[in-house]
Structure formats: structure tokens, C-alpha cells
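Contents: one structure, followed by commentary.
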Amino acid sequence: MKRLFFVFLTIIGGLTRVLGQSSATDQGSHGIDPRVSAAVFQVLDEYMATFNAKDLAGWERTYKFPHYRLASGKMSVLEKAGLRDSARVFGELQKTGWDHSQWDHRNIIQASADKVHVDTEFSRYRADGSLIGHYESLYILTKEEGHWGIKFRSSYAE
């Protein structure tokens with residue numbers, strides 16, 4: 001009987017720890033306001049559309065500055081719009097056969113009223129529709145001065 005009681009106390013203690021942790025985890029997700037989700041997905045849609053149109057100025061309008069990118073083991077920081085050359089940005093991709101990209105998935109994993117973490121995967125394609133590759137990434141969008149934009153991108157793309 002003592003042994004059964006000890007097992008019962010151990011289970012209750014474990015449940016108390018788990019339940020205590022789950023409330024902290026729930027708070028960490030911040031709950032996702034549908035208006036935030038809609039605004040974030042709109043920015044990501046515009047990001048991909050302007051990228052595929054090779055519209056560097058439009059693409060950079062989806063950013064928040066300074067804008068950070070971590071890829072291929074390197075962190076790059078873009079302090080403001082207009083510092084890059086369109087031919088160089090898109091030309092390097094086109095040398096690989098790239099014609100366009102598309103989102104495979106975009107999942108908001110954490111959100112608050114002014115910052116969102118989005119688990120994404122995108123694919124790159126050639127003009128004939130053949131796949132170049134799939135690339136997982138994490139995008140962090142922030143709402144600054146009343147507008148949402150992409151502040152940080154970390155991807156496994158080159």
C-alpha cells in the first residue's frame with residue numbers, strides 16, 4: 001500500500017510540473033490574432049510576388065530596416081533600401097537556372113501584436129517548371145511605425 005501511495009504521489013508531482021510548464025508554453029505562443037495573421041501573409045505574398053517580378057524596389061518595400069539575413073553561414077545586414085543592384089541580386093539566381101519561386105508552406109509559430117515568427121519553406125523553379133530545390137527558413141516580421149515588414153530571414157538557401 002505504501003508503494004502504491006508513493007507511485008501516486010510521484011505521478012501527481014509529475015503532473016503538477018507538466019501542467020505548470022504547459023501554461024508557460026501557452027503564454028509563449030501569444031495566441032494569434034487573425035488580423036495579425038492576415039497582415040503577415042499579405043506581406044509574405046507581396047514579398048514573393050515582387051521577388052518573382054524581379055522588382056528590387058518593391059521587394060525591399062516588404063522589409064524592415066535594418067534588415068538581417070542569415071544564409072550559407074553568413075549574416076548580412078542591409079541598413080536601408082536602394083543599396084543593392086538589381087542585376088546582381090537577380091542575376092546570380094538566374095545563373096543557377098532560377099525563374100521563379102513559390103511558398104510551400106508558411107506557418108506562424110509565435111506571434112504578438114508587433115512581432116511574428118513564421119516557419120516557411122519555399123521552392124525555386126526553372127522556367128520549364130522543373131524544381132531546383134526546397135528551402136526551409138524562418139522569417140521574423142515586425143510591426144514598426146504602423147506597418148508590418150520582414151526584419152529577419154534565416155534560410156538554408158544559398
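Residues: numbered from 1 along the sequence shown.
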Under the 3.5 angstrom rule, does the side chain of [X] hit a backbone N or O of [Y] as a donor-acceptor pair?
{"X": "Lys64", "Y": "His147", "value": "yes"}
{"X": "Ser130", "Y": "Arg126", "value": "no"}
{"X": "His67", "Y": "Ile150", "value": "yes"}
{"X": "Asp99", "Y": "Tyr125", "value": "no"}

Heavy-atom neighbours of Lys54 NZ exceed 12 at 6.0 Å: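 Yes - once you tally the heavy atoms of other residues, nucleotides and ligands closer than 6.0 Å, there are more than 12.
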Identify the two heavy atoms, one from [X] and one from [Y], that lie closest to each other, and give their separation to 0.1 Å.
{"X": "Leu141", "Y": "Val43", "answer": "CD2-CG1, 3.8 Å"}
{"X": "Ala157", "Y": "Tyr135", "answer": "CA-CD2, 3.4 Å"}
{"X": "Val77", "Y": "Pro66", "answer": "CG1-CB, 4.0 Å"}

Return the [atom1] to [atom2] distance between [X] and [Y], rounded to the nearest 0.5 Å.
{"X": "Tyr139", "Y": "Ser155", "atom1": "OH", "atom2": "OG", "result": "6.5 Å"}
{"X": "Glu79", "Y": "Phe65", "atom1": "CD", "atom2": "CZ", "result": "10.0 Å"}
{"X": "Thr120", "Y": "Ile109", "atom1": "OG1", "atom2": "CD1", "result": "9.5 Å"}
{"X": "Leu70", "Y": "Arg153", "atom1": "CG", "atom2": "CZ", "result": "11.0 Å"}
{"X": "Asp119", "Y": "Glu121", "atom1": "CG", "atom2": "CD", "result": "8.5 Å"}
{"X": "Arg124", "Y": "Thr96", "atom1": "CZ", "atom2": "OG1", "result": "6.5 Å"}

Can you name the side-chain contact (heavy atoms from CB on, under 4.5 Å) partners of [X], sequence neighbours left out?
{"X": "Ala87", "value": "Asp85"}
{"X": "Gln42", "value": "none"}
{"X": "Ala38", "value": "none"}
{"X": "Asp45", "value": "Arg106"}

So Val116 and Ile32, side chain to side chain contact (heavy atoms under 4.5 Å, CB included) or not? Walk me through it. CA-CA 9 Å; Val116 175; Ile32 301 169; over 6 Å; no
Consider only side-chain heavy atoms of I, L, V, M, F, W and Y, link residues closer than 4.5 Å, and tell whether Leu93 and Leu131 are in one cluster.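 No, no single cluster joins them.
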State which residues pass side chain to side chain donor-acceptor pair (under 3.5 Å) with [X]; sequence neighbours excluded, sorted by chain then number.
{"X": "His134", "value": "Asp104, Ser123"}
{"X": "Thr142", "value": "Glu144"}
{"X": "Asp114", "value": "Ser112"}
{"X": "Arg88", "value": "none"}

If you link I, L, V, M, F, W and Y whenever their side-chain heavy atoms are under 4.5 Å apart, who else ends up in the same group as Tyr156? none
Could you work out, with salt bridge (Lys or Arg N to Asp or Glu O under 4.0 Å) as the rule, every residue matching [X], not counting sequence neighbours?
{"X": "Arg84", "result": "Glu60"}
{"X": "Arg69", "result": "none"}
{"X": "Glu92", "result": "Lys95"}

Checking ring-ring contact (aromatic ring centres under 6.0 Å, His included) against Phe51, which of Phe122, Trp103, Trp98 comes through?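 Single pass found, and it is Trp98.
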Run Asn52 and Met48 through side chain to side chain contact (heavy atoms under 4.5 Å, CB included) and show every step you take. CA-CA 6 Å; Asn52 285 332; Met48 190 62 75; 3.7 Å; yes
Identify whether the distance between the nearest side-chain nitrogen and carboxylate oxygen of Arg35 and Asp33 falls below 4.0 Å. yes
